[in-house]
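Below is one structure, written out as structure tokens; comments come after it.
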Amino acid sequence: MSEGASRVLTYREAVREALSLELENDPDVFVMGEDIGQYGGVFKVTDGLLARFGPLRILDTPISEAAFVGAAVGAAMTGKRPVVELMFMDFALVAADQLLNQAAKMQFLSGDQFRVPLTIRTQQGVGSGTAAQHSQSLEALFMHLPGFAVALPSSPADAKGLLASAIRADHPTIVIEHKALYGTKGEVPEGIYRTPFGQAALRRPGSDVTIASYSRTVHVALAAAETLAAEGIEAEVIDLRTLVPLDYDTVLDSVGRTGRLVVAHEGHRNAGAGAEIAARVSELAWHALRAPVRRVCGLDIPVPYAAPLEAAWLPSSEAIARGVRESLGSATSPQAA
Amino acid sequence: MSEGASRVLTYREAVREALSLELENDPDVFVMGEDIGQYGGVFKVTDGLLARFGPLRILDTPISEAAFVGAAVGAAMTGKRPVVELMFMDFALVAADQLLNQAAKMQFLSGDQFRVPLTIRTQQGVGSGTAAQHSQSLEALFMHLPGFAVALPSSPADAKGLLASAIRADHPTIVIEHKALYGTKGEVPEGIYRTPFGQAALRRPGSDVTIASYSRTVHVALAAAETLAAEGIEAEVIDLRTLVPLDYDTVLDSVGRTGRLVVAHEGHRNAGAGAEIAARVSELAWHALRAPVRRVCGLDIPVPYAAPLEAAWLPSSEAIARGVRESLGSATSPQAA
Amino acid sequence: METHVADLGAVELATYTSLLGIRGFEEHAQDLFSRSLIRGSTHLGIGQEAVAVGARLASRPGDLVVPTYRGHAYALAWGMTFDAAFGELLGRVTGCNSGRGGSKHFADREKGVLPGNAIVAAGLPIGCGTALADRLVGRDRVTIVPFGDGATNQAAFHEALNLAAIWSLPVVFLCENNLYGEMTPLHRTVRIERLADRGAAYGMPGVQADGMDVNAVASVLSEAVERARPGGGPTLVEALTYRFCGHMPGDTEPYRTREEVDEWRARDPITSQRKAARRAGVGESEIRDLETAVAAALDAAEAAAIAAPPPEIADIGLGATEWMEWER
Amino acid sequence: METHVADLGAVELATYTSLLGIRGFEEHAQDLFSRSLIRGSTHLGIGQEAVAVGARLASRPGDLVVPTYRGHAYALAWGMTFDAAFGELLGRVTGCNSGRGGSKHFADREKGVLPGNAIVAAGLPIGCGTALADRLVGRDRVTIVPFGDGATNQAAFHEALNLAAIWSLPVVFLCENNLYGEMTPLHRTVRIERLADRGAAYGMPGVQADGMDVNAVASVLSEAVERARPGGGPTLVEALTYRFCGHMPGDTEPYRTREEVDEWRARDPITSQRKAARRAGVGESEIRDLETAVAAALDAAEAAAIAAPPPEIADIGLGATEWMEWER
Ligand SMILES: Cc1ncc(C[n+]2csc(CCOP(=O)(O)OP(=O)(O)O)c2C)c(N)n1
Ligand SMILES: Cc1ncc(C[n+]2csc(CCOP(=O)(O)OP(=O)(O)O)c2C)c(N)n1
Ligand SMILES: [Mg+2]
Ligand SMILES: [Mg+2]
């Protein structure tokens, strides 16, 4: 995946670097969004890009998500590679038609005449107190309706590499960053590299149970694994990195060894990404599973503001550890056995 | 559930009867939507209501879904019981913010100060050739994001009774009709009755396998059950009727007897309603299940126009029967056993 | 624009041919629908043909159009073949979208026709985008985006017009005001007299054109197109027109009177254009021959489409992205 | 409206009290944020207070308001207690929303304050709905919906204004034009001079008001409110105002100059209203006493909120609908 030297960057800087490199690399790439130019984005991800690439590559938009997402769809259909920043994932719901009825379907309904090499970059999740309309995790919507490839990087290196891949893809992609990760740091290779979609990363080897996760929850899962290790339980932690396509091979391989799977993510549980993973793995690894797949997710209510409620709403490392313990404690085989 | 006499009505007539009765019953109920007044709705569901209830109860709107759904949210927050017709479920995506960021969250984020007794009535699914932007099944979106109760009636009696329940609920509800069912007929009790949410209906008893379904696919599943019966396989067919809340008790009871579950629906498979049902039942009925839960769903691509493609896209009775056979043929217990 | 007299005849005849082909196609579609050969629904533009043909006359080869579900006229005016159009209507592999889209979604990449859009007003932001791409690249191309009167009440209309205005995008917004949004009369859904006046909210010129007169449409649109092309910004053009047919098959039309329809029918753009061609010196027999030829071409294309095969089920994944999966 | 001289002093003093309380609350919020006691973000209206207070003056008890995320001023002007407001800011069980919403979502059902909305322009359709309910019931109530200049480019603005216009809903759309949408200057996102002119696209009156002058706001709004109340239809009011603080904590304000801010600060509505009270005959010491009292009330409420408990985790389901499940 990486080539040459690397250095420590923040997740934010890594995203910016991917944008810069792709902007340099391909004149058809341009970036659009609210307050991304002069101000450099409310999360400061695009800071400096306007000065460097000018107003024909870095476009500040009005507060008109449907229009600028739609404009990106049109531009993509005629040869450009727009990268749109949706300031908060929650705002996807004011542009949902352009995203899910238009971008997602144009290639198919045109009988393969038009492709839509559009990248949506956004951030989601619980930060600290952003409450019900600014904290949602909406990846499951993009997973359910076919059309977008969906990436949720957990590390600076992936934030760069997955975005670079997304921009080069000939299809709609959505790269969902996490607001609580922007300041986190990690080694990031220099230069252009593209982390392939559909390849999960093993973040921690372990033999007793598999934890599949993505985005910020990977770090929570790793913390849970530490707690569990102290109890003598070795959890394998898989970072799925992309949900569409989803690397079932890696998950199944791990479950083949551990016999147990816990899926952890911040999105709601009901009909969320974890439901699909649980359903699919139960089907494909039926013989290997020694306990039902457990899910540890955001609660199935809106995100509350007050700190203790928000904390209780989130899948904590304690909740994930509990899920693992339950998985290990529960009956190891069906009644029928 | 029913009282007194009943007669045969179409699904369309049954919906209209529920609307009429609730409009008579409660002056706070009013109906809003595009072409629902003078024209009686493009599916003729609201035919005659304007003449009977007048323009203060039956409101023709401009083509402004975000505004009239939002207006219904506001009206519901201040004491009315609006019933909004969204002409096609696909148009929920132009009103997604009002539906999922607003209606779904107002009660929670206000700390229980405001309730939203709003009913959305819409129709979805594959009819004949309505193609990618007019054939979608979007129930999973409303299942995933908490806030709406979700009903998908398969029969005229339920179309009436579930809508009546929805209108009386103090929370947002969405009643999703199926465009291909409007002309179907069935016994419908007279007068007001309210089919409770969260109570599945056993449509066909059987001992070998459980098929859980809803909306139009219930009929497809029943046809599959006939085919299977001829082969000596007795399938129990459950009509879930509502997905939020979902009557897991009935499903688990059945699976406790059959040991096998096939979920069939028209929505996409990936992270769809069936994923949740499969995940939940696998967890709760782990010991009872003798084979992994199978899903037979709409394909994970947009809906194509051409007749043979559309037919291939749909979960046919043959596909459901195949799913059942696979369930019966697959290994009966995990490897670990 | 100077035109010699002989040329004028040819020009008027070409326009007539275009109008006639579209009208004929729509009438064939009506018939095919009544024979249950078209699935779903079909939204015809009988009576409104002058707007699409006028738009084509006002634009240059290579200019783009982003039609709606009522988009056959634009596809054909932009040069789509009858074969491709009938094939799509009937869900054949020979269709412009290989049978994947049907009546609402006619597209022709080579001819500059984006997919017809079945979500009201959704094409407007997309048209901003094709125009934006052209502006960024410095390409000398204009995008025309037709839509209905009812669409001017839809959210996307507002955002798109504003975006196009502030960025001076080379796009023309072409409102086909046929007085009704489906079955609802316009006067019940807006409080202003002229939809063209909505342009002012964006600092954009708004002009009306007689949508029953192909040359009137062409001349008003030419101005808009040629202002847009060099960066002069977008225009909202309101073409006053009328559909003689229902909104869709089965429309019982309780919302309008026979008299109203007849009044508009008296201004049938096909009839007027036939007269214009005659006035320009084209002989009656030349016109007759042309009419026969167009009718024959339509019949032949329809027959070919009826005979053409539907897509293979094995090809159901055509147009799926590389990460979609469609096994059951 | 006749007012006796003595009354006038009382009236101006009451207005000053309201403005002062709001300003003080916002300054406390700034301080609390810098002490990390407020989570997420907080959007203050320092400088814009005259608009909210003017709106309250123009409306009757019982009239509704549908604020945005920048909504503290409206909640307080409508009578929310400092205790409820500080409690919510700090996520306490004593907060107006029992700590569930935070700064962006202040709501007070009893006082007629709908939840502040954190989606730009989403409150406009909702305000149409409260007005629609009133119209259907025949209730004599008006809804005021404040929003920003940037919000006029958002889809929902368009649909809501049109809907309100065609149905003559008793609603007033109150645009707080503070020249910036977040960090983007208005002139880069619209091409017209006066946002009030956007009313014309809906056949709705559009008027401007000096948003730094509480009485100017009140008088322009009174007219709009009293037109709306008996069914005369909605109005778009554009209040020209300015926020002295950043869009949110951490806003580095590269988009405007110190001079610009100072020019507007010279028109501080609090200072002006203090002078107005003095001119109306209120004594300096009376004003001083009042200022002390307001400051003390704010301090006390802040302290009470800091001391108040957060919600119990066991109560996390407050406000969940009957069919939500929230066990893990
Ligand atoms: C967002 C959305 N809402 C509703 C519809 C259903 N619909 C299809 S055509 C139509 C009428 C559109 O009227 P107008 O814009 O005047 O165009 P016309 O059909 O008259 O050409 C409606 C409401 C839709 N396709 N999309
Ligand atoms: C639909 C949507 N898009 C973007 C945002 C992010 N956002 C929050 S406030 C704001 C600026 C709004 O500007 P304006 O309407 O002028 O109001 P002001 O904040 O100046 O009071 C933006 C873009 C949002 N909350 N909702
Ligand atoms: Mg129309
Ligand atoms: Mg502003």
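What you see below is based on every heavy atom in this structure, not just the backbone, and it leaves out hydrogens, waters and symmetry mates. Lettering follows sequence order; numbering is per chain, from 1.
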A:A131 portion near chain B, given a 4.5 angstrom heavy-atom threshold: neither
Contacting moiety of A:L99, where chain B heavy atoms sit under 4.5 Å: neither
Please look at B:L138 and chain A and tell me whether the side chain, the backbone, both or neither of the residue comes under 4.5 angstrom of a heavy atom of that chain. side chain
Give, as side chain, backbone, both or neither, the part of A:V293 having an atom under 4.5 angstrom from any heavy atom of chain B. backbone
Segment of B:V263 engaging chain A (4.5 angstrom heavy-atom cut-off): neither
In terms of heavy-atom pairs under 4.5 Å, which option from B:A273, B:A95, B:A92, B:P304 contacts chain A the most? B:P304
Go through A:L284, A:N270, A:L299 and name the one with the most non-hydrogen pairs under 4.5 angstrom from chain B. A:N270
Could you check which of B:A278, B:A132, B:G274, B:G267 has the highest count of heavy-atom pairs closer than 4.5 Å to chain A? B:A132
Closest non-hydrogen atom pair between B:F108 and A:P302, with its separation: CE2-O, 3.4 Å
N/O donor-acceptor pair under 3.5 Å between B:N101 side chain and A:D90 backbone: yes
On a heavy-atom basis, the closest approach of B:A279 and A:A275 is CB-O, 3.8 Å
When rounded to the nearest 0.5 angstrom, what distance separates OG in B:S327 from CD in A:E283? 9.5 Å
Okay, A:V281 and chain B: the region with an atom under 4.5 Å from a heavy atom over there is neither
Given B:H268 and A:M143, is the side chain to side chain contact (heavy atoms under 4.5 Å, CB included) satisfied, shown in steps? CA-CA 10 Å; B:H268 299 294; A:M143 200 174 164; over 6 Å; no
For the CG atom of A:D97 and the CD atom of B:E65, what is their distance to the nearest 0.5 Å? 9.5 Å
Sort A:L109 into side chain, backbone, both or neither according to what part of it lies under 4.5 angstrom from a heavy atom of chain B. side chain
A:Q136, part contacting chain B, at a heavy-atom distance under 4.5 Å: side chain
Ranked by heavy-atom pairs below 4.5 Å to chain A, first place among B:P146, B:G259, B:A96 goes to B:P146
Separation between CG (B:L93) and CG (A:L141), nearest 0.5 Å, reads 8.5 Å
Kindly indicate whether the side chain of B:R269, heavy atoms from C-beta on, has any atom under 4.5 Å from the side chain of A:H144. no
Please report the closest heavy-atom contact between B:G272 and A:E276, naming both atoms and the distance. N-OE1, 4.4 Å
